[in-house]
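When a ligand or atom number is given, it counts from 1 through the structure's own listing order.
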Amino acid sequence: MKLTNQDIIKQYNFVKSFHDKYLKKFAVAMPKLYDKNKHFTKNALVLVYLSFGYPKTKAVSKTELTKFMRQFYPDINDVQQARHLGAQDGWWIVAGGRDNIVIDVQRGSYQLYNLEEPYPSFKKGHRVEGIGDWQKLKEAYGLRCATCGSREGEPHFHWPATKTKLQKSHMDPNKPLKAGNVIPQCQKCNRADRNRWVYDEKGRVIKLAKPSFVKNFDKDVRRKILAILKKEFR
Ligand SMILES: [Zn+2]
């Protein structure tokens, strides 16, 4: 994609309008458009590039991103900005292969998922009022993980050498982390498979959240699922 400076400025302002409206209050960092030499900053360029077509963004490979960045920084080799914008600055950029939530992105690619919510694990961004009173919610669960029952601050039930830390967890990972969609889970339950499942308020798995995970089911089960779906959608 060949972009003029005007295209970049326009797209930057488009992203900034979402930031002002939705992300600023979560302390998501909006990169500056220019550095002191009036060059576009690397962060701004990456954010602009990943946000094109929003809300219908595309997954962008590191190679493609590097090629784009070289129009402005000819010597750039390893473009780390996409990862930093997500993990450190709070933009919901899905890094392929690592912690795919909601969308499937290949390893080595990035996709901007959402400009209306911060990256799910962005700690600074978790406002108490957005999810209801977090302390009260934890107390309602007896300060225990809804799924495995491990107690906050105490040794983890399955990993006794690990101190349990309760985290705000999606009941349905396909929906925003808002009141009504939050359960406390320990760091273990909130990590391993949370993008696969929908939980109820008791922390029990009730649905499949990530369709591709059906591939991990036993063949016999997959056959039965196929039969059910055939019947429904024929
Ligand atoms: Zn747990």
A.B. asks: Does the structure place the NZ or CZ of Lys42 under 6.0 Å from the centre of the six-membered ring of Tyr73, at an angle of no more than 45° from the ring's axis?
C.D. replies: yes
A.B. asks: Which angle, to the nearest 10 degrees, do you find at the Zn ion (ligand 1) between SG in Cys148 and SG in Cys145?
C.D. replies: 110°
A.B. asks: At less than 2.8 Å, would any N/O/S atom of Cys189, backbone or side chain, sit next to the Zn ion (ligand 1)?
C.D. replies: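 Cys189 does place an N, O or S atom closer than 2.8 Å to the Zn ion (ligand 1).
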A.B. asks: Enter the distance from Asp172:CG to Trp197:CH2 here, rounded to the nearest 0.5 Å.
C.D. replies: 13.5 Å
A.B. asks: Checking ring pair (Phe, Tyr, Trp, His ring centres under 6.0 Å) between Tyr113 and each of Tyr54, Trp92, Tyr119, which is the one that passes?
C.D. replies: Trp92
A.B. asks: Taking backbone and side chain together, does His158 place any N/O/S atom at a distance below 2.8 Å from the Zn ion (ligand 1)?
C.D. replies: no
A.B. asks: Angle class for the His156/His158 ring planes (parallel below 30°, perpendicular above 60°, tilted otherwise)?
C.D. replies: tilted
